[in-house]
Structure formats: C-alpha cells, structure tokens
Amino acid sequence: MISLFGTAPSREVIRTLENAGFEAVFVGGAVRDYLLGKTATDIDIATSAEPEEVKAIFPQTVDLGSAHGTVLVLMNGEPIEVTTFRTEGTYTDHRRPDEVRFVKSLKEDLRRRDFTMNALAMTKDGELIDLFGGKVDMADRIIRAVGNAADRFNEDALRMFRAIRFTAVLGFNIEEQTFKAISDNAGQIRYVSVERLKAEMDKLFASANPMKAFHSIQNTGLNLHLPLFPEDNEKLNRTVPFESALEGWACFMIAGNFSASDVARAYKLSNVEKLFLSSVKEAYTNRLACQFTIDEYYQYDLAVLFTTEKLFRSMLDNVETISCTEIRQMKQSLPIQSIADLAVDGKKLMEWTSQKGGRWIGEWISEIEKAVLYRTCENNSNDIKEWFLYEFNREK
Ligand code: ATP
Ligand code: MG
C-alpha cells in the first residue's frame, strides 16, 4: 500500500470538508517535512470554509481564535488544526498584520507564507500543489522568500530569523536575494516580540547544525540587533551540537560570558530554564577551580552536571575531564539523592526529644541530611537517632 500524507483522521477532516462543498488541503511545514522524508509533527489543514462553517460541519471543535481563522477539529479523538484561507492586511508594526481577511483562493493563502518550501500544499490523495516553485527550491536545498524578500521581511521581521533557523534545522542555504534582504533589514528584528524570538532560538539550539545559523546571524548583522548575543562565535563553535535547547542556552550564556539573569531577562526564559542556567553558571565557576564536590553531586541534577562538564571540556584545552558515566556513578553512589530519602522525618525528632514542632526541626533535618551525605552517620533510624541525640543534647 502506498503511504498517504497525514493521518487517517486528518484525511477524514479534508474529505468531510470537500463533501460539504469546500476546498481543503494540507499546508505548511508538515508538507515540507513529508517531502524531506521526515515524519510530520503538527499537521495543518487550510480550507475555503470559514470558521463558523467549520464549526457547523464537525460535531467536536475548539475555537483557537476564529478571528484569525483557526478552529481545532477533534476527529476520532485526534486534534487537527483547520485554518480558513486568508491573506494578511498591512503590517504597520513589522510583526502582526493589522487585519486578517478570509479569501476563497488557496493561491492567495499560499502567497502570504514565508518561504517557497513552506508555501506547498497537498491534497488528501497525496497530490502536491506547488504554485511558487517550492519543490525545485527544496531539491536545490534553497530557502527563498515568496515574492519580494525585502517586502516580506518588512511585513514580519521574524521571517528573517526563521530563514536562518531553517538553515540550521534543514542544512539548506538562503537564496542570494533573500540573504541580502536580511542583511539590509536586520535592524527590524527589534520589532519582533521576545517570545517569538525565543521560540525560534529554542528550535535553533535543538537543530543539527546550530553553527550554520550562528554564522549567518553574524554575517547578516542580526546579532547587533538581537536582545543579547555572544561576540565570540568561536566559543560557541566548541560546544555544538547541543543535547537540548536548554543546553544550548547554557552554552550561549558561558560563550557570551553572560550571567543567568542577563540571558533570562533578555529572552524571557521560564523560571525552570533560569534555574538551570544559574546552576550551570555556579557549577561551571566552581568546576574551573576543582572537581565536582559531594555537595554539587547532591545539589545538581544530572543534566546540570553533564552540561557543566561538557562546557569545561570544550572551553578549556588540556584539562582532565570526567565522563558522563563517571558523573552518573558518583551521583548514584551518594548515600541519599534528596531529603526525601532520609530514614527519619520531623515527627521522629519530636518523638525522640518530646518537644513541640518549630523551626528547630527544619534546622536539625538539614544537619542530619549533611551528616548522612558526608557519611558521618548511616541512613537508618537507629544510627541517626544515636547521632542526633548526642549532638542535640550537646548543644543544649
Ligand atoms: P516547524 O517545523 O518549526 O514547525 P513550520 O514552517 O511548520 O516550522 P510553523 O510556525 O509551524 O512553522 O508555521 C506553519 C506554517 O505557517 C509555515 O510552514 C508557513 O507556511 C506559515 N508561517 C509560519 N510563520 C510564518 C511567518 N512568520 N510568516 C509567514 N508565514 C508563516
Ligand atoms: Mg510547524
């Protein structure tokens, strides 16, 4: 059997729209990725039906912003995004169209898309609709703006960054005029919201070849207008590729000699991401002086330790490093992995001392934690009791 594009429920959505007299096709990145032999992640369908019509046709829908034309259709439990063919009106702020206008023609919809490879559509039967030469450009591994590149970047400056991000993800090159338009309009990137930039940076860091993008960011001058960017590409070069976007951010921070809060503020990182960066910064600073200590093996999770050691290994020449296996073993061999592993709790301390609860409990639990971690006493109730009562009575 020939494998068709999309999932059975997504093809069913198209069939249903067609039976109701509308046009409907697969569009966007999923079609591109399919042609590249990659499994599509988010499948998008574009249709001539307006949001209200889509909602009327399918029994189960969620409105994802019908002003912009997107309705989520639940088909056999699978969520599928269906967006009405649309064009975008004028862009006065270089980032969001002032208005979205629904149109009846697929061509109008594809024309507003950023690159020829992203302006492809496919019918439910797997027939490619290629109105802007996307297929040839993909065969040539070229990223080319649809229409006049400078105009398209003036409408939405994020497209410049997307072009560069795609070079890293796909290994393609940016077509000459498109590249020139990025260099000419680089300053406009400052109009783009940090949230959108951050999402693109995440994809760039997680890509197969981030260096390709870092070079283009510098060669086009985009780096001068981004919220924060390391001056020294060479340092970044030593750390690629990254295990994850988060590791990318950590290497970005160290390569740029930034603090965790600089990076977190500039790119609006989440609290979890910020904590990871500040842990790596702290661990890395200590690592420059000596091996990881027991405290560090205990305090930091494996991802922090791995990234820190990777940075240490790549940033410095001729240093003695430890492997991930060794790091894992060192961490596993600690008597406890967290305070939850302690053989006693606050209730036990109250029982042993016949004292009421209070701040003293937390303080003593923390002392016990240290004693167990440093193997001053074994992690069992009897040994801890003996050690604790002795120390407790001594301090009274
Ligand atoms: P990814 O694989 O990272 O998801 P993508 O191309 O699918 O890449 P999405 O943000 O999912 O990116 O967008 C889906 C489609 O919407 C794109 O393929 C493109 O056709 C269109 N699109 C997205 N962002 C823009 C933009 N800023 N300007 C014009 N068209 C865009
Ligand atoms: Mg996508």
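Start at 1 and go down the list; that is how both ligands and their atoms are numbered.
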message = Show the atoms of ligand 1 that are less than 4.0 angstrom away from any heavy atom in Asn118.
response = 6 (O), 18 (O), 19 (C), 20 (O)
note = In ligand 1, the atoms that come under 4.0 Å of a heavy atom of Asp156 are 26 (C), 27 (N)
request  = May I ask you to list the atoms of ligand 1 that are less than 4.0 angstrom from any heavy atom of Arg196?
outcome  = 27 (N)
message = For Trp249 and Tyr267, I'd like to know if the aromatic rings sit close, meaning centre-to-centre distance below 6.0 Å.
response = yes
query = Can you check whether Asp125's main-chain N or O pairs, donor with acceptor, with Arg11's side chain at less than 3.5 Å?
reply = no
inquiry  = Less than 4.0 Å is my threshold; does some heavy atom of Arg152 fall inside it relative to ligand 1?
reply    = no
message = Within the 4.0 Å heavy-atom shell around Gly29, which atoms of ligand 1 are there?
response = 6 (O), 7 (O), 18 (O)
ask   = Hey, are Glu18 and Lys124 close enough for a salt bridge, meaning a charged N less than 4.0 Å from a carboxylate O?
value = yes
task = Using non-hydrogen atoms of the residue, decide whether Glu155 is closer than 4.0 angstrom to ligand 1.
result = no
key: Subset of ligand 1 atoms that lie under 4.0 Å from at least one heavy atom of Gly28   = 18 (O)
key: Top protein contact for atom 24 (N) of ligand 1, by heavy-atom distance   = Arg162 CZ, 3.4 Å
remark   = Within 4.0 Å of some non-hydrogen atom of Asp42, the atoms of ligand 1 are 11 (O)
task = Could you list the residues that satisfy side chain to side chain contact (heavy atoms under 4.5 Å, CB included) with Lys107, not counting sequence neighbours?
result = Ser105, Arg111, Leu131, Phe132
request  = Identify, with sequence neighbours excluded, every residue that meets side chain to side chain donor-acceptor pair (under 3.5 Å) alongside Thr178.
outcome  = Glu175
message = Tell me the protein heavy atom at minimum distance from atom 28 (N) of ligand 1, and give that distance in Å.
response = Arg159 NE, 2.7 Å
task = Report yes or no: does a heavy atom of Phe115 sit under 4.0 Å from some atom of ligand 1?
result = no
query = Does the pair Asp130/Lys135 count as a salt bridge with the N-to-O cut at 4.0 Å?
reply = no
inquiry  = Regarding Glu351 and Lys348, does a basic nitrogen lie under 4.0 Å from an acidic carboxylate oxygen?
reply    = no
message = Looking only at distances, can you tell me whether any N or O atom of Phe166, backbone or side chain, sits closer than 3.5 Å to an N or O atom of ligand 1?
response = no
ask   = Going by the order shown, which atoms of ligand 1 are within less than 4.0 Å of some heavy atom of Lys203?
value = 1 (P), 3 (O), 4 (O)
ask   = Under a 4.0 Å N-O cut-off, is there an ion pair linking Arg112 with Asp156?
value = no
query = Which residue owns the protein heavy atom closest to atom 2 (O) of ligand 1, what's the atom, and how far is it?
reply = Arg32 NH2, 2.9 Å
message = I'd like to check whether Asp114 has a polar contact with ligand 1, where a contact means an N/O of the residue lying under 3.5 Å from an N/O of the ligand.
response = yes
inquiry  = Below a 4.0 angstrom heavy-atom separation, can you tell me which part of Arg165, side chain or backbone, both or neither, approaches ligand 1?
reply    = side chain
